[in-house]
Amino acid sequence: PAPPRTFVVTFDDGYATVYTRAWPVLRELNVPAAVFVNTAFLGGDDPFPFDGWGKAHAAVASPEAYRPLTVAQCREMAAGGLVEIGAHTHTHADFRGRPGEFQRDLRTCVAAVRAWFGAGRVPFAFPFGRKALGYVTDELLTVAREAGVTCALTTEAELIGPGSDSFGWGRFNAYEWDTAATLAGKLGGWYGWAPRLQERMARGRS
């Protein structure tokens, strides 16, 4: 069980900016973090296939803004013990209704994380990660358990309690507009209603 008033810093996908921008700050403040990577794209020069902004601006933006991390960068971060490399599936595909494909893809990712970074215990974060939209289901959670990962994180905006199942933990996004006050509000449990309200409004418009 996690001690009370504990938070974890996580990064999804594996953008190069985790190494160039975030890691120096993490080292300076001695803050541990987990980086969940899509192993199919590490070391690539092109934007992630699911990154619409990166593909639209690749011709004019700095490559640092859209390029994936390299295996060497991940190894360097992991070697210091401050950063843990986790699985985010191999291809970051949409696995809704495709448990068989999800199983093969996740096992490929977990095997790569273990082989490349010497990880014995591998945490996992679902791509897209919304339960309400079907990206996280009981069927897919069962597949994740069988893949041997230590946890399965979603992107549901909810706090984790002492009895929370580690397969289905929620997380809060941090945005450019966030301040110390808004982040404190999220950590204090005052934000979880906002995504649910947005979903209800969207259903009402459909």
Side-chain angles (χ1 to χ4, degrees), residues 2 5-38 41-42 47-58 60-69 73-74 77 82-89 92-94 96 123-136 151-161 164 166 168-206:
R5 299 180 62 81
T6 298
F7 72 91
V8 178
V9 177
T10 66
F11 300 88
D12 284 2
D13 305 329
Y15 283 89
T17 47
V18 174
Y19 177 85
T20 59
R21 303 295 181 92
W23 191 42
V25 177
L26 297 171
R27 285 183 299 173
E28 179 182 351
L29 301 178
N30 197 37
V31 174
V35 181
F36 297 95
V37 298
N38 305 121
F41 310 114
L42 293 182
F48 290 102
F50 52 84
D51 181 4
W53 185 94
K55 291 190 288 186
H57 296 87
V60 295
S62 167
E64 179 194 60
Y66 59 79
R67 192 169 53 200
L69 288 161
Q73 288 171 335
C74 292
M77 290 189 291
L82 202 62
V83 171
E84 183 176 19
I85 306 299
H88 197 44
T89 72
H92 201 288
D94 180 350
R96 288 179 293 183
F124 166 64
F126 275 96
F128 307 108
R130 294 300 303 277
K131 295 178 182 177
L133 299 179
Y135 292 107
V136 181
C151 60
L153 308 184
T154 73
T155 57
E156 295 299 323
E158 55 190 18
L159 295 175
I160 298 169
S164 300
S166 59
W169 276 345
R171 294 182 289 169
F172 292 93
N173 286 316
Y175 298 102
E176 291 181 353
W177 49 261
D178 270 315
T179 65
T182 61
L183 290 174
K186 291 177 180 181
L187 294 175
W190 296 101
Y191 179 77
W193 58 270
R196 290 192 290 273
L197 176 61
Q198 184 181 37
E199 290 167 7
R200 290 175 186 169
M201 293 175 63
R203 287 197 296 269
R205 291 192 297 267
S206 61

Exercise. So which heavy atom on V37 is nearest to which on G14, and how close?
Worked result: CG1-CA, 4.2 Å

For this session: Apply side-chain contact (heavy atoms from CB on, under 4.5 Å) to P47 and list each qualifying residue two or more places apart in sequence or on a separate chain.
Result: K55, A58, Y66

For this session: Specify the closest pair of heavy atoms between S166 and C151, including all atoms of both residues, with the distance to one decimal.
Result: O-CB, 3.4 Å

Exercise. Who pairs with H88 by ring-ring contact (aromatic ring centres under 6.0 Å, His included), at least two apart in sequence or on another chain?
Worked result: H92

For this session: State the NE2-CG distance between H57 and D51, to the nearest 0.5 angstrom.
Result: 10.0 Å

Exercise. Which pair of heavy atoms, one from F126 and one from A152, lies closest together, and at what distance?
Worked result: CE1-CB, 3.8 Å

Exercise. Can you name the residues that form a side-chain contact (heavy atoms from CB on, under 4.5 Å) with V25, not counting sequence neighbours?
Worked result: L29

For this session: Please list, chain by chain and in numerical order, all residues satisfying side-chain contact (heavy atoms from CB on, under 4.5 Å) with F7, sequence neighbours excluded.
Result: V9, L187

Problem set entry | Non-neighbouring partners of D94 that pass side-chain hydrogen bond (donor to acceptor under 3.5 Å, both in side chains), sequence neighbours left out | R96

Exercise. Side chain of T17, backbone of A22: donor and acceptor closer than 3.5 Å?
Worked result: no

For this session: Please step through side chain to side chain contact (heavy atoms under 4.5 Å, CB included) for the pair D12 and R171, ending with a clear verdict.
Result: CA-CA 11 Å; D12 284 2; R171 294 182 289 169; 2.9 Å; yes

For this session: Sequence neighbours left out, what passes ring-ring contact (aromatic ring centres under 6.0 Å, His included) with Y15? Give chain and number order.
Result: F48

For this session: Among F50, F41, F36, find the one that has a side chain to side chain contact (heavy atoms under 4.5 Å, CB included) with D13.
Result: F50

Problem set entry | Counterpart residues, side-chain hydrogen bond (donor to acceptor under 3.5 Å, both in side chains), relative to T154 (two or more places apart) | none

Exercise. What side chain to side chain donor-acceptor pair (under 3.5 Å) pairs are there with at least one residue in residues 21-30, not counting sequence neighbours?
Worked result: R21-E64

Problem set entry | For K131, all residues meeting side-chain hydrogen bond (donor to acceptor under 3.5 Å, both in side chains), sequence neighbours excluded | none

Exercise. Which residues pass the side-chain contact (heavy atoms from CB on, under 4.5 Å) test with A184, sequence neighbours left out?
Worked result: none

Problem set entry | Approximate separation, where rounding is to 0.5 Å, of I85 CD1 and L69 CG | 7.5 Å

Exercise. How far apart are the closest heavy atoms of A157 and F172, and which atoms are they?
Worked result: C-CE2, 3.7 Å

Exercise. Which pair of heavy atoms, one from I160 and one from G170, lies closest together, and at what distance?
Worked result: CD1-O, 4.0 Å

Problem set entry | Heavy-atom side-chain proximity of M77 to V18 below 4.5 angstrom | yes

For this session: Quick one: closest heavy-atom pair of K186 and L159, and the distance?
Result: O-CD2, 3.7 Å

Seminar exercise, completed: Sorted by chain and residue number, the side-chain hydrogen bond (donor to acceptor under 3.5 Å, both in side chains) partners of T182 (sequence neighbours excluded) come out as D178

